[in-house]
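What follows is a single structure, and I will ask about it in a moment.
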2 protein chains.
Amino acid sequence: MLAMSTSRPYHRDDLRSQLLDVAAELLEQDGANALSLREVARRAEVSHNAPYRHFASKDELLAALAASGFERLGASRSTDGGLVESGLAYVRFALGHPALFRLMFSGALTGAGADSLASAAELMRGSFGDDTPGDAVLSSWSFVHGLAALLLDGQVPEELRAGRDDETLARDILTVTATALGAG
Amino acid sequence: MLAMSTSRPYHRDDLRSQLLDVAAELLEQDGANALSLREVARRAEVSHNAPYRHFASKDELLAALAASGFERLGASRSTDGGLVESGLAYVRFALGHPALFRLMFSGALTGAGADSLASAAELMRGSFGDDTPGDAVLSSWSFVHGLAALLLDGQVPEELRAGRDDETLARDILTVTATALGAG
DNA sequence: AGGCAATGTTGGCAATGTCAACTTCGCGAC
DNA sequence: GTCGCGAAGTTGACATTGCCAACATTGCCT
């Protein structure tokens, strides 16, 4: 009984999500380039070819990872708040999951997972507000995304940082810019 | 003496820069992940291990590539102009050399080349203006960088694009935002 | 009970990054 | 001049990786 759906795995309980979990771990630990399918399989204690029953290729695994990233990013900033608060959520996500964030925007997402990924990205985008005029949305989004990316890469030099940690710096910049953009 | 390259000599004239040229080509053609040291060597018509006389590792080659990218980016926007013009140069660079731009900000630049890379990035940063207050610089830079990154990844949906091509869109957004930020 | 398709396994292949050992060449000291 | 030494290039090898093919297992459906 407990017949959920016909597609429940048996030898493993749910290898697909196990693989995704392990992969997410490895992603943040070793970076996207170092992530190997075989190592994922090893840590999940299955043979090196088992993942191919759930993902057609390595890229498809990565795409699934990225898609879940977009969902989580969208969710983490769904609570309405001004540009400052929602922007901070965006920055926190990037700094909290550096490799994932980079993967999401790496443009290396070919293959079948691309569409589900696109829709996930679309949802996330929506959280930037749909009532405001289009160009203002894009302006805010660009700004927040750029801030996150620069902080992530450690591109902000000490002169500009002036002793502030990432969180404080982000809040300051966001505040100043939000008022300027009139998107308090 | 100073002889021309009559035959395939054992010692090349300047293999290092030849390798960099070939690598830059492959980078834009196949993307950073697909770039292999061995293929670079093949196209330069040397053995698969010759590159190791000039670069300690693949990462070091990539770092050199990224460093030259920062120099070119800095140069391409050195001509002073408002945020709009210099921002457009930034965006054009990103869209003109997508793989290079991504590599530059991929954070995958470990190893020995990292310092020369850092200084090149520093120079580029300077072109954002040093007279303006620190936070304003960071704000502008974040905005421009984010815009470039989003356009690069095709993350701007049709609703926001409203039929405009990349160049026009970038100019519009930059103009609106520049006036708002008071950094005409 | 028995078939069957989904799931997982073993084995293999070509390609890659990198190490080690050998060869060839240019150049300066004698 | 020649000699040798170190830089630049070469061949060979090894472990690892992504992926394909063939085979084995397992539990649901009839």
Side-chain angles (χ1 to χ4, degrees), chain A residues 1-23 26-27 29-65 103 106 108-113, chain B residues 1-23 26-27 29-65 103 106 108-113:
Chain A
M1 14 191 48
L2 304 177
M4 331 249 309
S5 83
T6 62
S7 68
R8 190 181 51 162
Y10 28 95
H11 217 180
R12 295 305 234 187
D13 237 15
D14 186 2
L15 184 53
R16 185 189 156 96
S17 69
Q18 249 184 299
L19 290 172
L20 284 174
D21 287 350
V22 171
L26 280 178
L27 180 65
Q29 175 183 321
D30 295 347
N33 275 349
L35 193 163
S36 90
L37 263 194
R38 282 169 112 109
E39 178 65 20
V40 169
R42 237 169 267 137
R43 299 221 188 177
E45 294 180 304
V46 289
S47 79
H48 67 261
N49 262 339
Y52 283 91
R53 297 292 142 199
H54 298 272
F55 304 96
S57 69
K58 182 182 176 178
D59 273 3
E60 211 170 274
L61 207 208
L62 292 180
L65 234 32
L103 175 66
S106 71
L109 18 82
T110 74
Chain B
M1 18 204 346
L2 289 199
M4 18 273 109
S5 54
T6 52
S7 69
R8 269 298 106 78
Y10 206 84
H11 282 2
R12 304 299 214 108
D13 233 17
D14 187 3
L15 183 54
R16 188 191 153 94
S17 68
Q18 251 185 299
L19 290 173
L20 284 174
D21 287 349
V22 171
L26 280 178
L27 179 65
Q29 177 185 316
D30 295 347
N33 274 348
L35 193 164
S36 90
L37 261 195
R38 285 170 111 110
E39 178 65 20
V40 169
R42 236 169 268 137
R43 299 221 187 178
E45 294 181 302
V46 288
S47 78
H48 67 264
N49 261 340
Y52 282 90
R53 295 291 141 196
H54 300 274
F55 304 96
S57 69
K58 181 183 177 179
D59 273 3
E60 212 170 272
L61 206 210
L62 292 179
L65 234 34
L103 176 66
S106 71
L109 18 82
T110 74

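Below, chains carry the letters A, B, ... as their sequence lines are ordered, and counting in each starts from 1. Keep in mind it's a predicted model, so treat the numbers as computed, not measured.
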| field | Residue list, side chain to side chain contact (heavy atoms under 4.5 Å, CB included) with Ala32(B), at least two apart or on another chain | value | Leu27(B)

| query | To the nearest angstrom, how far is Arg16(B) atom CZ from dA8(D) atom P? | reply | 11 Å

| message | Please list all pairs meeting side-chain hydrogen bond (donor to acceptor under 3.5 Å, both in side chains) that have one or both residues in residues 32-41 of chain B, counting only residues at least two apart or in different chains. | response | Glu39(B)-Arg42(B), Glu39(B)-Arg43(B)

| Spacing of Asp30(B) atom CG relative to dT16(C) atom C1', expressed in whole Å | 15 Å

| task | Select from Leu37(A) and His54(B) the residue whose nearest nucleotide in DNA chain D is closer to the 5' end of that strand. | result | His54(B)

| Do Val40(A) and Leu35(A) have side-chain heavy atoms sitting under 4.5 Å apart? | yes

| query | Are there more than 12 heavy atoms of other residues, nucleotides or ligands under 6.0 Å from atom CD of Gln29(A)? | reply | yes

| task | Carefully, step by step, assess Leu19(A) and Leu61(A) under the rule side-chain contact (heavy atoms from CB on, under 4.5 Å). | result | CA-CA 9 Å; Leu19(A) 290 172; Leu61(A) 207 208; 5.6 Å; no

| Would you say Phe55(B) and Leu37(B) make side-chain contact, with heavy atoms under 4.5 Å? | no

| field | Closest to side chain of Arg53(A), choosing from dA22(D), dA8(D), dG17(C) | value | dA22(D)

| said: Is it the case that dT18(C) (base atoms only) and Arg38(B) (side chain only) share a donor and an acceptor within less than 3.5 Å, ignoring hydrogens and angles? | reply: yes

| request: Could you tell me the separation between the CZ atom of Phe55(B) and the P atom of dG9(D), rounded to a whole number of Å? | output: 11 Å

| Looking at DNA chain C, which of residues 42-52 of chain A put a heavy atom within less than 4.0 Å of it? | Val46(A), Ser47(A), His48(A), Asn49(A), Ala50(A)

